[in-house]
Amino acid sequence: MMDSANSINRDTCKACGLCAEVCPMKIMTKDASEGISFRPDRLPLCIKCGQCMAICPTQSFVVNGLSYSKDFFELPDPLSSADMFFNMIATRRAIRNFKDKPVPKALLEKIVQAITFAPPGFTPIKTEITVIQNTEVIRKALPYMIRVYDELLEAMNNPLARFFIRQKVGPAKYKTLKNHVVPLMKSRLPELKLGKEDTITRNAPAMILFHADRNAENHETDIHIALTYGFLAAHALGLGGSAMDLIPPAVQNNQELKRMLSIPVGNHVVASMILGYPKYRYQRGIKRELKSVLWI
Ligand SMILES: Cc1cc2nc3c(=O)[nH]c(=O)nc-3n(C[C@H](O)[C@H](O)[C@H](O)COP(=O)(O)O)c2cc1C
């Protein structure tokens, strides 16, 4: 929330009104005689999104707590960026087969940078990430994840335990557990336990965990958007990755894993992304249709 210490430099402000146009809370108004002014009743609604400062042609508008030099950057030339963007999303795939090659830290840093560009529902940002660049840590974590799924299968065989699981995760997640996770794990756990395959971490050389304070507002939605930025960035950098929904609940439900992966106490692990150099090259894209597109 912004206090009343926001400011407009009246000497440089041209009263173009762009700040008022883009402000999501419509905190500013443009008046022909007075220029830009604030609605005092709306000032406390400011989410410090920075849009007013990002659009101001003369850097006249300052939100309390934000600075032009620290919190903003010059935009790159947008020429042909539409083609680049569509080529990029059309060629992305969920990558689950990786070369036995570590991911350089510089590329992981670029992915982290891309994740910081993901739009939050509102500030302050709640998303926290843990970048696991040490492949050994992932290999060490896998047996613990296998154990969590072993215990889950056992629990799902017990009607009372099933009832409590349903209460804990809610009907939608319970449906995913029952219809997808349990059948998958029933078929894969024997091979996983024998070390013959890795359906959970896919032998990925690197991994990013996305988590947030479990009580933080809007954190799951923010994290899924951040995750999407992450795997698009990985693809743009010549890496491959995939979201992995099997990993977060395993980490969430095992204290040893939470410690091993440095998840702060009280944080909810929402999403994960495995990362590495793709082993195979896809020859064609996959066409998909949305369930419905309605034009009104
Ligand atoms: C939120 C989310 C969770 C996912 N979890 C898993 C997972 O646990 N295991 C897996 O193999 N793939 C997982 N995926 C990858 C999807 O299965 C994949 O995106 C889908 O098959 C479509 O393939 P494409 O990404 O190549 O278009 C996940 C994807 C998303 C977006």
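Every number for a ligand or one of its atoms is a count from 1 in the order of the listing.
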Closest protein heavy atom to atom 22 (C) of ligand 1, given as residue, atom name and distance to 0.1 Å
R288 NH2, 3.2 Å
Does an N or O anywhere in F231 fall below 3.5 Å from an N or O of ligand 1?
no
Residue, atom name and distance, where the atom is the protein heavy atom closest to atom 19 (O) of ligand 1:
A94 CB, 3.8 Å
Is any side-chain heavy atom of K30 closer than 4.5 Å to a side-chain heavy atom of I36?
yes
Kindly confirm or rule out an N or O of I286 lying under 3.5 angstrom from an N or O of ligand 1.
no
Derivation of the side-chain hydrogen bond (donor to acceptor under 3.5 Å, both in side chains) call for T12 and S60
CA-CA 6 Å; T12 53; S60 302; 2.7 Å; yes
Going by the atom numbers of ligand 1, which of them fall below 4.0 Å from some non-hydrogen atom of L246?
8 (O)
Decide side-chain hydrogen bond (donor to acceptor under 3.5 Å, both in side chains) for T199 and R96; before the verdict, give the C-alpha distance in whole Å, the side-chain angles of both, and the deciding distance to 0.1 Å.
CA-CA 9 Å; T199 335; R96 303 182 182 88; over 6 Å; no
Check: I208 and V131 side chains under 4.5 Å, non-hydrogen atoms:
yes
Among all protein non-hydrogen atoms, which one is nearest to atom 5 (N) of ligand 1, and what is the separation to 0.1 Å?
D245 N, 2.9 Å
Which residue holds the protein heavy atom closest to atom 10 (C) of ligand 1, what is that atom called, and what is the gap in Å?
M244 CE, 3.2 Å
Taking the side chain as C-beta and beyond, is there a heavy-atom pair between H219 and D213 under 4.5 Å?
no
Please list the nearest protein heavy atom to atom 13 (C) of ligand 1 with its residue and the distance rounded to 0.1 Å.
A243 O, 3.2 Å
Only heavy atoms of R93, strictly under 4.0 Å: list the atoms of ligand 1 that pass.
24 (P), 26 (O), 27 (O)
Given the ring of Y144, does R147 sit roughly above its face, with NZ or CZ under 6.0 Å from the centre of the six-membered ring and within 45° of the axis?
yes
Just so I know, are the side chains of R166 and P171 near enough to count as touching, which here means a heavy-atom distance under 4.5 Å?
yes
For atom 16 (C) of ligand 1, what is the nearest protein heavy atom, given as residue, atom name and distance?
R96 NH2, 3.4 Å
